[in-house]
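Structure first, commentary second.
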Amino acid sequence: MNRRERRASPAKVKLQSVKPDGAALFYDAALRDVADGRHADAERCCHMALAIDGGHAPTLNLLGILALQGQQYEAALQWVSRALQQDVQPQYFLSLGTVLQVLGRSDEVLKVVDKATALGLESADLWMLRGNALVNLQQLADAVSSFQRVLELNSRHWDAANQCGITLQRLGRIDDALTYLDLSDVLRPNHVPTLLMRGALLNGLKRFDEALTICQRAHAIEPENSDICVKTGIVLRTMCRDEDALEWFERALALQPGSRDALHDKASVLTKLRRFDEAFEIYRQLKGGDPRDALADLGTAHLNLLLGNLDAGWSGREARWSLPSSYPRFRRPMWLGQDSIAGQTIVIAADEGLGDTIQFVRYVPMVAALGARVILAVQKPLLPLLSNMPGISQCIPVSEAADLAGVDVHCPIMSLPFAFRTTLATIPAPVSYLPAPDPDRIQLWQERLGTPEKLRVGLVWSGNPNHLDDHNRSIPLRTLSRLLGADAAFVSLQKEPKAEDKAVLQETSGIVDLTGQLADFADTAALISCLDLVITVDTSVAHLAGALGCPTWTLLSYTPDYRWLLDRDDSVWYPRMRLFRQRERRDWGEVIDQVGDALHELVGARAPSPPVSSDAIA
């Protein structure tokens, strides 16, 4: 049931039966007509009742309900208001609130419900009405409280449980949302939209087997539902079962040919399977159906970048501005390399992730070399790291960028490769390009680590759990810990490890964990400067270590992010980085074995040669 249907549902408005006397006789006749679906007859009976008693409140309320069902909203408002003038009853407040909500006057709905409750006329339906009004007003936390009050009054109120779960999900309180959706499922076991939302939440919590079970249950209920097939494919994709996911997307397309969701997801999986020509063809099909499909443009752009076609890739990525974005709303034009900016002030603003900012901040001195005054606007965690970036006049939080005065142009930091028309041959790749870490911070970390007796190796095994590709790029610490057999000193650079990794870290004696003392990225940079090597998955620390010129070994999935290209063990962006890639088996264990062999070789090369005995000389 959609929001409008929920607001206008006559089942939510109670009809009052009265003692059959005078006008009440016609009112009861009207109720029977309503029950039989004869609304015109019911309306005639109501008017006959009012002819006897013009202030008969139940009849006035019923006429309001009939007008509401006939979409005569102003008339409904007048009838119900007259009913409340005659008598104060919970159902009349409910009727009035329902009409106001259909009219989109949610703030007035709150006043109606609050007045009713102040009079002691509390009911589950009134609190439900209040919760829905608060959702419409984007007051989600208060809406949750209202839905919870409904359930206190009626523990089997399915709609309250369902809406509470949905609203908690919007608030990001996923575990709480799941609790209420579980209750919703108990109260109405075969409601497919609830099942699909539960599946999506479980998938987001990485409870993949449960999510898959729920999707399969929904499929058993509605086997011809294309959307269920898509959702099942998404779960399988996050389980890295790409071939199985592809089968479900194809089932969805068999049920609903041309389904754009299914086509987008199929193209994504084909990319992971390295069936690039087929993925390109699907994106062409999507663009043929809708030339404004920015997601198809982005998919094509990322494929081109992955394959080394940088010209087409950078220009294609500019389609992202057709999608919702948190990028600042500047009043001045965007610069993309087309005009001279000599003598002008330009804001270079972060527009994607922390690692992206670190990678592409390398272009900032190039912008300054064009004669522009450069203001760098970045995410707050990067301010201490980048405040002394060469070529900038100041470094500010990106949240303050739109309010700057005296700005001539702006450029998103991720658009700089396009602005400079970067090709594989022209990638600016100095060994290091970040400001040198603070010597005092370095000294402090040296003291914390103690005298170096072995090769110091920093470890990062997990990226942002909210990243769409986290399931492909993060590694369980238990798997990575196979490296600990090497004769090296291992230092954790992993901030906020996942619960299961934290448990492994606590029981592992071979990793020094001082991350609780890392205040910001400048601290991490200082700690990295004390290390001989960083071994990391594809996350912001890989970019930080690479940008500092620290030897870095980056572990990549079979089909990685576009910036790492394909089938090469070096990085075109970071000269001192070595890439270790999954092979077709998608086995991290195999990658760890490769890294372990390389690490043993490196340790062996650093070990001093044993002294030569006099006997050997003789």
Side-chain angles (χ1 to χ4, degrees), residues 301 304-305 309-322 325-380 382-436 521-522 543 546-549 563 572-575:
N304 276 313
L305 290 170
N309 305 321
L310 301 195
D311 285 342
W314 300 131
S315 60
R317 286 198 88 249
E318 293 306 299
R320 68 191 189 277
W321 303 119
S322 299
S325 170
S326 59
Y327 186 71
R329 294 182 177 274
F330 289 98
R331 290 182 289 274
R332 306 301 294 168
M334 183 184 292
W335 176 78
L336 293 175
Q338 68 276 28
D339 300 312
S340 171
I341 53 173
Q344 297 188 6
T345 296
I346 182 171
V347 178
I348 305 296
D351 57 306
E352 295 191 28
L354 296 168
D356 299 307
T357 299
I358 295 170
Q359 179 180 1
F360 293 111
V361 77
R362 71 183 66 215
Y363 284 90
V364 167
M366 297 168 61
V367 177
L370 297 176
R373 173 176 175 263
V374 178
I375 299 173
L376 181 62
V378 299
Q379 301 93 330
K380 284 186 178 180
L382 294 177
L383 285 172
L385 177 72
L386 301 178
S387 290
N388 296 318
M389 189 71 194
I392 67 171
S393 64
Q394 64 182 122
C395 185
I396 63 171
V398 69
S399 58
E400 300 175 7
D403 298 325
L404 283 175
V407 172
D408 298 297
V409 291
H410 67 96
C411 182
I413 201 164
M414 293 292 288
S415 292
L416 287 173
F418 174 58
F420 284 94
R421 306 303 188 262
T422 304
T423 66
L424 283 175
T426 63
I427 289 174
V431 170
S432 64
Y433 55 84
L434 294 181
F521 272 85
H543 296 285
L548 289 167
R563 72 200 74 212
V572 295
W573 298 98
Y574 302 108

Test side chain to side chain contact (heavy atoms under 4.5 Å, CB included) on Gln344 and Val409 and set out the steps.
CA-CA 8 Å; Gln344 297 188 6; Val409 291; 3.9 Å; yes
Atom OG of Ser393 and atom CD1 of Ile346: how far apart are they, to the nearest 0.5 Å?
11.5 Å
Would you call the rings of His410 and Phe330 parallel, tilted or perpendicular, where under 30° means parallel and over 60° means perpendicular?
parallel
Please confirm whether the backbone N or O of Leu383 pairs with a side-chain atom of Ser387, one donor and one acceptor, at under 3.5 Å?
yes
Just by modelled atom types, is the Leu336 backbone N or O under 3.5 Å from a matching donor or acceptor in the Gln338 side chain?
yes
Stepwise, does the side chain to side chain contact (heavy atoms under 4.5 Å, CB included) test hold for Val361 with Tyr433?
CA-CA 9 Å; Val361 77; Tyr433 55 84; 3.7 Å; yes
I'd like to check Val398 versus Pro328 (side-chain heavy atoms, cut-off strictly below 4.5 Å). Are they in contact?
yes
Rounded to the nearest 0.5 Å, how far apart are CG of Leu386 and CD1 of Ile348?
13.0 Å
Let me confirm one number: the OG1-CE distance from Thr422 to Met366, rounded to the nearest 0.5 Å.
6.5 Å
Starting at CG of Leu424, measure out to CG of Leu305 and round the result to the nearest 0.5 Å.
9.5 Å
Test item: Arg320 and Ser325 side chains (from C-beta on) under 4.5 Å apart, heavy atoms
no
Any chance you could measure Leu416, atom CG, to Asp351, atom CG, to the nearest 0.5 Å?
9.0 Å
Counting C-beta onward and ignoring hydrogens, is there a side-chain heavy-atom pair between Val407 and Leu404 closer than 4.5 Å?
yes
If I compare all heavy atoms of Gly546 with all of Tyr574, which pair ends up nearest, and what's the gap?
C-CD2, 3.3 Å
Flag side-chain contact, heavy atom, 4.5 Å: Leu310 against Asn304:
no
Nearest heavy-atom contact between Pro390 and Pro435 is CD-CG, 4.4 Å
Do Trp314 and Phe420 have their ring centres less than 6.0 Å from each other?
no
Report yes if the side chains of Tyr363 and Pro417 come closer than 4.5 Å at any heavy-atom pair, otherwise no.
yes
Can you name the nearest heavy-atom pair linking Cys411 to Tyr327, along with the distance?
C-OH, 3.5 Å
How would you list, by chain and number, every residue that makes a side-chain contact (heavy atoms from CB on, under 4.5 Å) with Asp356, sequence neighbours excluded?
Glu352, Met414, Arg563
Looking at every non-hydrogen atom in both residues, tell me the closest pair between Gln379 and Ala350 and how far apart they are.
OE1-CB, 3.4 Å
Taking the six-membered ring of Phe360 as reference, does the cationic atom of Arg362 (NZ for Lys, CZ for Arg) lie under 6.0 Å from its centre and within 45° of its axis?
no
Please find the pair of heavy atoms, one from Ala377 and one from Val347, that lie closest to each other, and give the distance.
CB-CG1, 4.1 Å
With side chains defined as the heavy atoms from C-beta onward, is the minimum distance between Phe418 and Arg317 less than 4.5 Å?
no
Taking all non-hydrogen atoms of both residues, which atom of Asp408 and which atom of Arg332 are closest, and how far apart?
O-CB, 3.3 Å
Applying side chain to side chain contact (heavy atoms under 4.5 Å, CB included) to Trp573 and His543, what does each step give before you reach the verdict?
CA-CA 9 Å; Trp573 298 98; His543 296 285; over 6 Å; no
Spacing of Asn388 atom CG and Leu376 atom CG [to the nearest 0.5 Å]
11.5 Å
Within a strict 4.5 Å, meaning less than it, do heavy atoms of the Ser415 and Trp335 side chains meet?
no
Given Thr345 and Arg373, is the side chain to side chain contact (heavy atoms under 4.5 Å, CB included) satisfied, shown in steps?
CA-CA 5 Å; Thr345 296; Arg373 173 176 175 263; 3.3 Å; yes
